[in-house]
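Have a look at the structure below, then the notes.
These numbers were taken from a predicted model, which means no experiment stands behind them.
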Protein chains: 2
Amino acid sequence: MKIDPKSKADLSAQIAKAIRDSIISGDMDVDERLPSESELSEQFDVSRPTVREALKRLAAQNLIRTQRGATGGAFVRRLSYEEAYANHITTSTLLLSMNAVDFETACEARFALERACAPLSAQRRTPDQLATMRAEIHRQTQPGLSDESFCDSDVAFHRALVDGADNPVLSYQLAGAVEAMQPLMNMITFTQRNRDMIVGLHTRIADAIETHTAELADTALAELTSYTLELGQQAMAARAAKAPD
Amino acid sequence: MKIDPKSKADLSAQIAKAIRDSIISGDMDVDERLPSESELSEQFDVSRPTVREALKRLAAQNLIRTQRGATGGAFVRRLSYEEAYANHITTSTLLLSMNAVDFETACEARFALERACAPLSAQRRTPDQLATMRAEIHRQTQPGLSDESFCDSDVAFHRALVDGADNPVLSYQLAGAVEAMQPLMNMITFTQRNRDMIVGLHTRIADAIETHTAELADTALAELTSYTLELGQQAMAARAAKAPD
DNA sequence: CAATTTTCATTTGTCTGACATTTATTGTTT
DNA sequence: AAACAATAAATGTCAGACAAATGAAAATTG
């Protein structure tokens with residue numbers, strides 16, 4: 001592990017990269033202990049604060065954890081599914097908002113991916129997941145439900161659908177598309193008629209998932225896609241009319 | 001922006017969280033300048049090294065960039081698609097390898113998602129993307145190609161397919177599944193017969209994409225799914241026989 | 001001898017203060 | 001007016017210190 005003195009990057013960034021590479025390459029095993037901060041500062045020939053900055057960078061990426069005390073130190077961390085999942089959603093959301101992805105694009109991606117899950121979900125869904133879907137549908141019919149809560153419930157419904165596929169890789173990738181769309185969905189105002197329509201489609205999806213008929217789920221999802229797209233375009237149009245740039 | 005003195009977490013972690021929240025919430029705009037390190041250390045009532053550790057955490061997450069000099073400082077950074085994309089792949093790969101996702105699960109997810117893209121790609125692919133697919137197919141027929149290069153080309157082919165859908169959100173989410181599978185694919189030894197079979201299926205996919213016939217692309221992808229699964233299971237079996245645990 | 005307590009060494013967490021480096025601005029000189 | 005030099009502000013780096021946590025070894029005690 002050596003660093004390039006010619007590089008103009010920060011020392012802490014270079015050191016972080018060197019250590020990161022040796023973790024990612026599999027050179028270091030999970031729970032293996034890194035040299036202590038003092039040892040690292042000797043090895044890289046920098047001061048301890050610089051080493052610490054490098055380690056904090058790695059900690060921010062969940063690549064290491066640190067522990068105080070005699071047998072403490074920095075340890076290679078097993079990347080937990082839950083953390084990666086949460087991070088993925090944050091990043092996806094940021095990416096959508098900062099780069100101004102339009103509603104159509106996000107919506108299209110979301111439903112395309114969900115339709116990929118539906119057949120698997122129809123095969124494998126547990127009674128539990130089905131019950132969750134039913135419960136969320138019921139929640140969506142509650143009078144006086146705010147638009148935001150309606151959206152929350154919508155996401156919960158679709159997450160149950162996706163999780164029904166019983167494939168963590170799918171759930172992970174889908175989460176980025178489904179959850180990241182929530183801010184965009186929140187710009188829609190749902191009338192009672194809109195909600196009835198959506199609840200109807202959700203019910204058809206749940207029915208199809210219950211009876212293991214992938215085709216019905218797919219057609220209902222297709223209809224939901226175009227309906228959501230429609231609602232989104234209306235919302236965008238209303239927004240544009242109100243605040244023209 | 002205040003921090004909780006009761007929390008037992010590191011100060012730098014708390015401070016990073018506080019700043020991160022105000023960036024993610026949209027409280028701060030892109031390219032807006034954060035207070036200087038000295039100002040932050042006063043605001044949070046900690047020392048400058050502690051503030052710096054917090055800032056390095058944020059820098060590691062690509063949330064800020066720093067600039068030296070008189071008008072320098074830390075600025076909120078626009079999360080670039082390319083960076084997020086690269087990070088997403090790294091994380092997905094790590095997640096797969098560290099959490100030992102089995103070949104079947106990863107493979108199923110990958111092809112389910114690709115099949116979701118195929119109809120869109122059949123509609124929208126550019127001549128360029130089609131040419132890329134053809135070129136990669138040609139590369140896959142080259143004699144003497146290493147297994148690793150074959151896998152590389154395979155990924156490039158499928159990336160072109162996915163990009164053909166012309167939906168960055170899809171491309172982003174797909175990348176996590178397609179590229180992260182490469183280490184698993186690399187464990188397969190491809191015989192000439194295997195390669196012929198795969199090239200044949202790739203050709204059928206490219207033909208379908210060229211003639212805008214989504215159905216044919218779907219059936220070819222379905223066949224490729226089961227064939228890949230088969231190859232994977234063989235490879236895993238061979239591996240298990242050689243090095244029994 | 002066994003169990004408990006104390007001491008101790010190690011390691012991360014934090015602070016203070018300093019100097020180096022970069023860079024836009026301001027002032028000076030030609 | 002243009003070129004150059006001084007200045008100030010900000011990040012980058014360093015050195016050294018102390019605090020706090022923590023496991024292990026040593027000492028004490030029943």
Side-chain angles (χ1 to χ4, degrees), chain A residues 1-20 23 28 30-77, chain B residues 1-20 23 28 30-77:
Chain A
M1 291 207 286
K2 271 284 133 58
I3 54 177
D4 178 13
K6 295 183 293 290
S7 168
K8 67 176 202 275
D10 293 353
L11 288 175
S12 68
Q14 292 179 56
I15 293 167
K17 177 168 171 23
I19 301 176
R20 179 168 37 241
I23 292 177
M28 302 197 70
V30 169
D31 287 331
E32 191 175 334
R33 185 178 171 282
L34 272 68
S36 74
E37 294 177 354
S38 329
E39 285 172 319
L40 286 173
S41 66
E42 269 193 32
Q43 279 183 34
F44 287 111
D45 198 30
V46 296
S47 67
R48 193 158 81 95
T50 303
V51 167
R52 282 183 60 80
E53 286 178 10
L55 292 179
K56 293 312 156 200
R57 293 178 117 110
L58 299 177
Q61 298 179 311
N62 293 317
L63 286 172
I64 60 169
R65 69 189 154 77
T66 56
Q67 207 176 356
R68 295 221 269 195
T71 57
F75 299 85
V76 177
R77 188 170 179 187
Chain B
M1 290 208 286
K2 273 284 132 58
I3 53 176
D4 178 14
K6 294 184 293 289
S7 168
K8 67 175 203 274
D10 293 353
L11 287 176
S12 69
Q14 291 179 57
I15 292 167
K17 177 168 171 27
I19 300 175
R20 178 165 41 239
I23 292 176
M28 303 196 71
V30 169
D31 286 333
E32 192 176 333
R33 185 177 170 283
L34 271 68
S36 73
E37 294 177 353
S38 327
E39 285 171 318
L40 285 173
S41 67
E42 269 193 32
Q43 280 183 35
F44 288 111
D45 197 30
V46 297
S47 67
R48 193 158 82 94
T50 303
V51 166
R52 282 182 61 80
E53 286 178 10
L55 292 179
K56 294 312 160 203
R57 294 179 117 109
L58 299 177
Q61 298 179 311
N62 292 316
L63 286 172
I64 60 169
R65 68 189 155 77
T66 56
Q67 207 175 358
R68 296 223 273 195
T71 57
F75 299 85
V76 177
R77 185 168 181 186

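A donor and an acceptor atom sit less than 3.5 Å apart, one in the side chain of A/Arg48 and one in the base of C/dG13.
Nucleotide D/dC14 holds its P atom 11 Å from the CG atom of A/Asp10, rounded to whole Å. Summarising the geometry, the separation between CG on B/Leu40 and P on D/dA9 is reported as 17 Å, rounded to the nearest angstrom. If you measure from atom CD1 of B/Ile15 to atom P of C/dC15, you get 8 Å, rounded to the nearest angstrom. The interatomic distance linking B/Glu53 (CD) with D/dT11 (C1') rounds to 15 Å, in whole Å. Atom pair B/Arg52:CZ and C/dA18:P shows a separation of 18 Å (rounding to whole Å applied). One atom, NZ of A/Lys56, and another, P of C/dT12, lie 9 Å apart when rounded to the nearest Å. The distance from atom CD of B/Gln67 to atom C1' of D/dT11 is 10 Å, rounded to the nearest whole Å. Distance CG (B/Leu58) to P (D/dT11): 13 Å, rounded to an integer number of Å.
Contact annotation: A/Thr71 does not reach the phosphate of C/dT11 (side-chain N/O to OP1 or OP2, under 4.0 Å). Remark: A/Ser36 is not in phosphate contact with C/dT10, judged by side-chain N or O atoms under 4.0 Å from OP1 or OP2. When the side-chain nitrogen and oxygen atoms of B/Thr66 are compared with OP1 and OP2 of D/dG12, one or more of them lie within a distance under 4.0 Å.
For B/Arg65 and B/Asp31, the salt-bridge test passes: some basic side-chain N is under 4.0 Å from an acidic carboxylate O.
Checking D/dA10, D/dG12, C/dT14 against every side-chain atom of B/Thr50, the shortest atom distance belongs to C/dT14. With C/dT23, C/dT16, D/dT11 as the candidates, the nucleotide lying closest to the side chain of B/Ala70 is C/dT23. The B/Pro49 side chain lies nearest to C/dC15 when the options are D/dT13, C/dC15, C/dT12.
Between B/Arg68 and A/Leu55, the residue anchored nearer the 5' end of DNA chain C, judged by the nucleotide with its closest heavy atom, is A/Leu55.
Note on B/Arg33: only backbone sugar-phosphate atoms sit closer than 4.0 angstrom, heavy atoms only; bases stay farther off.
Residues A/Ile23 and A/Ile64 are in side-chain contact: their nearest non-hydrogen atoms beyond the backbone lie under 4.5 Å apart.
In this structure, B/Glu42 places its CD atom where only 12 or fewer heavy-atom neighbours from other residues, nucleotides or ligands lie under 6.0 Å away.
Shown are B/Asn62, B/Leu58, B/Thr66, B/Val30; of these, the side-chain contact (heavy atoms from CB on, under 4.5 Å) with B/Arg77 is made only by B/Asn62.
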Residue pair A/Asp10, B/Lys56: steps toward the side-chain contact (heavy atoms from CB on, under 4.5 Å) verdict:
CA-CA 11 Å; A/Asp10 293 353; B/Lys56 294 312 160 203; 4.1 Å; yes
